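Note sheet for the following structure.
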Amino acid sequence: MHVEQKKARVVAFGCQMNERDAETILGLLEQIGYGRAADDIGADVVIFVTCCVRENAENRAIGNLGDMKRLKAQKPGMIIGICGCMVQQEHVREMVRNRMPWVDLVFGTHNIHRLPELMARVEAGERVIEVWDEAHEVVEGLPASRAFRHKAFVNITYGCNNFCTYCIVPYVRGRERSRRPDDVLAEVRKLAISGCREVTLLGQNVNSYGRGLPPEDDGGLWGFADLLRAVDTVDGIARIRFTTSHPRDFSDEMIEAVASCSKVCEHFHLPLQAGSDRVLKMMNRGYTSRRYVDLVGRIRQAVPGASITTDIMVGFPGETEADFQATLDIVREARFDAAFTFIYSPREGTRAASMPDQAPEAVKRDRIYRLIELVNATAEGVNESLRGRVVEVMVDGPSERDPSILAGRTRSNKMVHWRPGGQGGALAPGDLAMVRVLEPRTWTLHGEAADVPREAGRVD
Ligand code: SAH
Ligand code: SF4
Ligand code: F3S
């Protein structure tokens, strides 16, 4: 008798860590017999990989879980699961336990590898809630059902030890653990063999990679710079990215490694958070605005054409107008290629949530609008300098809006849309193409196929 294969859907919110975890979750589900579902209604199991970094991220997940109640009423056999950062918080688990009876499965960020066993219990009719408060050692060898063939995320560290006072990540992702260099390299090699051309090394603070790892046989220790140099030698990989960097821990040796490794892309995502030293101190960031600007200068000097992007927050408790002006000053001085801007969101259990002088909503809104305006003007200015220039782009595929247009990214991580030339039809995801920038915009560059030979190495 033919039995139709059951289908699974895994929906990730939040950062690249969750996107990567979603691939492991789907890989584990495939291992126990599930196929991929194209949408919620066609799925027999739907799992949400949640984020709690800001209140609106939590609200989005709660909204999606709410929609599942209706869907499950139509399709009672469906299994609904929730995992990820949100459910590491006790109060969220209580809410799900008591007020969302249609959720069948809850697991956390530290026990993803237990999914096959947990699913077996759910399939047998049990409601399973299993979350571990602490991480044990790194689990290697889990399967992954990758979102793309030509590019992939590779974890290098898990967790975070920094305890920035606003941030919930160290509480929900546990203490920092580095993967062994051999394990990272084995994953990159395997990806390269399966057709991957670009890897992004992931960690909350990639610059602290290697801390706590045992010495190698020769007694040497591995740091982030060593890892970059090693990954740079893997055949088949054309581009190496890394995120996120912590400005406090970005050493000259690491800058030098980026400069000297030909595959490592000249893009630095360096979250600034705030420009006022008083606020940076209250945030426990461990650097001053001068040190930040100095780092940007050293990067620009060592890595010509480097693009620098950042994260900035407004409305931290006690932030005055003068503090905010200091943030604007650094945006002008650092000339960011792009910035993600956030309104401070108090997170239960963090130190900043109980600090005095929480800023009123109206003040936060006013500041974020002014910040976005400046950030956009700066990005437009930076991108304008690329007008008429030829850049090397890695093809991602046809643009979502217009399939006759290709989309891809420069080494500096700028999104490019262009009309392919004569051989355009033959371009596949992961291929490198030369594109002339005709119309730079704030967030994307628009261009045309450039009839020049592809030069090895850096172009933009
Ligand atoms: N480990 C990374 C990023 C973690 S979260 C780093 O240190 O850069 C990504 C961004 O979310 C942060 O850079 C910060 O700008 C923002 N963020 C974190 N907690 C926040 C909060 N409570 N409210 C608003 N934004 C926050
Ligand atoms: Fe959060 Fe700071 Fe760690 Fe980044 S470095 S995850 S902002 S605590
Ligand atoms: Fe969110 Fe967790 Fe990432 S809280 S930002 S998904 S580490």
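These figures come from a predicted structure and were not determined experimentally. All ligand and atom numbering here is 1-based and tracks the order in the structure.
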* **Amino acids contacting ligand 2, non-hydrogen cut-off under 4.0 Å** => Cys160, Asn162, Phe163, Cys164, Tyr166, Cys167, Val169, Pro170, Gln204, His246, Arg285

* Between Glu187 and Lys190, is the closest basic N to carboxylate O distance under 4.0 Å? -> no

* Under a 4.5 Å cut-off applied to non-hydrogen side-chain atoms, are Glu216 and Pro181 in contact? -> yes

* Do the side-chain N and O atoms of Arg211 and Asn161 include a donor-acceptor pair separated by under 3.5 angstrom? -> no

* Got a sec: does the CD of Glu90 have more than 12 other heavy atoms crowding it under 6.0 Å? -> yes

* **Atoms of ligand 1, numbered as shown, that sit under 4.0 Å from any heavy atom of Phe342** => 10 (C), 11 (O), 15 (O), 16 (C), 25 (N)

* **Closest protein heavy atom to atom 7 (O) of ligand 1, given as residue, atom name and distance to 0.1 Å** => Arg285 NH1, 3.7 Å

* Asked: Taking N or O atoms only and a 3.5 Å limit, does Tyr344 qualify as a polar contact for ligand 1?
  -> no

* Pairing of Arg290 and Asp277 as salt bridge, 4.0 angstrom limit -> no

* Thinking salt bridges, do Arg229 and Asp232 make one under a 4.0 Å N-O criterion? -> no

* Arg54 heavy atoms, cut-off 4.0 Å: which ligand 1 atoms fall inside? -> 11 (O), 16 (C), 17 (N), 23 (N), 24 (C), 25 (N), 26 (C)

* Cation-pi check, Arg60 onto Phe13 ring (under 6.0 Å, within 45° of axis) -> no

* Asked: Does any N or O atom in Ser345 lie less than 3.5 angstrom from one in ligand 1, N or O only?
  -> yes

* Structure fact -> In Leu142, Ile112, Asn18, the residue satisfying side-chain contact (heavy atoms from CB on, under 4.5 Å) with Ile25 is Ile112

* Structure fact -> When distances are taken from atom 8 (O) of ligand 1, the protein heavy atom at minimum range is Pro271 CG, 2.9 Å

* **4.0 Å heavy-atom contact, Gln204 with ligand 3** => yes

* To do: Identify the protein heavy atom lying closest to atom 1 (Fe) of ligand 3, giving its residue, its atom name and the separation to 0.1 Å.
  => Cys51 SG, 2.4 Å

* Could you list the atoms of ligand 1 found under 4.0 angstrom from a heavy atom of Arg347? => 22 (N)

* Structure fact -> for atom 10 (C) of ligand 1, nearest protein heavy atom and its distance come out as Asp311 OD2, 3.4 Å

* **Residue Val53 vicinity, atoms of ligand 3 by number, heavy atom under 4.0 Å** => 1 (Fe), 4 (S), 5 (S)

* **ring pair (Phe, Tyr, Trp, His ring centres under 6.0 Å), paired with Phe268, selected from Tyr292, Phe336, Phe250** => Phe250

* Asked: Closest approach of Leu280 and Ser289, non-hydrogen atoms and distance?
  -> CD1-N, 3.7 Å

* Determine, considering heavy atoms only, which of Arg248, Met313, Gln204, His269 sits nearest to atom 4 (C) of ligand 1. => Gln204

* **Structural part of Cys15 in contact with ligand 3, heavy atom criterion under 4.0 angstrom** => both

* Structure fact -> Within 4.0 Å of some non-hydrogen atom of Arg173, the atoms of ligand 3 are 7 (S)

* ligand 1 and Tyr166, any nitrogen or oxygen pair closer than 3.5 angstrom? -> yes

* To do: Among all protein heavy atoms, pick out the one at the shortest distance from atom 4 (S) of ligand 3; state its residue, atom name and that distance to 0.1 Å.
  => Cys52 N, 3.4 Å

* Val53 neighbourhood, listing ligand 1 atoms whose heavy-atom distance to it stays under 4.0 Å -> 5 (S), 18 (C), 19 (N), 20 (C), 21 (C), 22 (N)

* Taking Trp132 as the fixed residue, which of Glu134, Glu130, His136 is the one that meets the side-chain hydrogen bond (donor to acceptor under 3.5 Å, both in side chains) rule? -> Glu130

* Backbone N/O of Asn56 and side chain of Ser345: donor-acceptor pair under 3.5 Å -> no

* Structure fact -> With heavy atoms and a 4.0 Å threshold, my read on which part of Ile343 contacts ligand 1 is backbone

* To do: Going by the side-chain contact (heavy atoms from CB on, under 4.5 Å) test, name the single residue among Thr200, Val231, Val264 that passes it with Phe242.
  => Val264

* Asked: Would you call Glu321 and Arg367 a salt bridge, taking side-chain N to carboxylate O under 4.0 Å as the test?
  -> yes

* Structure fact -> When distances are taken from atom 6 (S) of ligand 3, the protein heavy atom at minimum range is Asn18 ND2, 3.2 Å

* When you check the gap from the basic side-chain N to the acidic O, do Arg298 and Asp294 get nearer than 4.0 Å? -> yes

* Could you tell me whether Gln273 approaches ligand 1 through its side chain, its backbone, both or neither, with non-hydrogen atoms closer than 4.0 Å? => side chain

* **Protein contact to atom 6 (C) of ligand 1 [nearest heavy atom, distance to 0.1 Å]** => Thr244 CG2, 3.8 Å

* Structure fact -> ligand 3 to Cys85, heavy atom cutoff 4.0 Å, flagged ligand atoms 2 (Fe), 4 (S), 6 (S), 7 (S)

* Sidechain N-carboxylate O distance under 4.0 Å for Arg409, Glu198 -> no

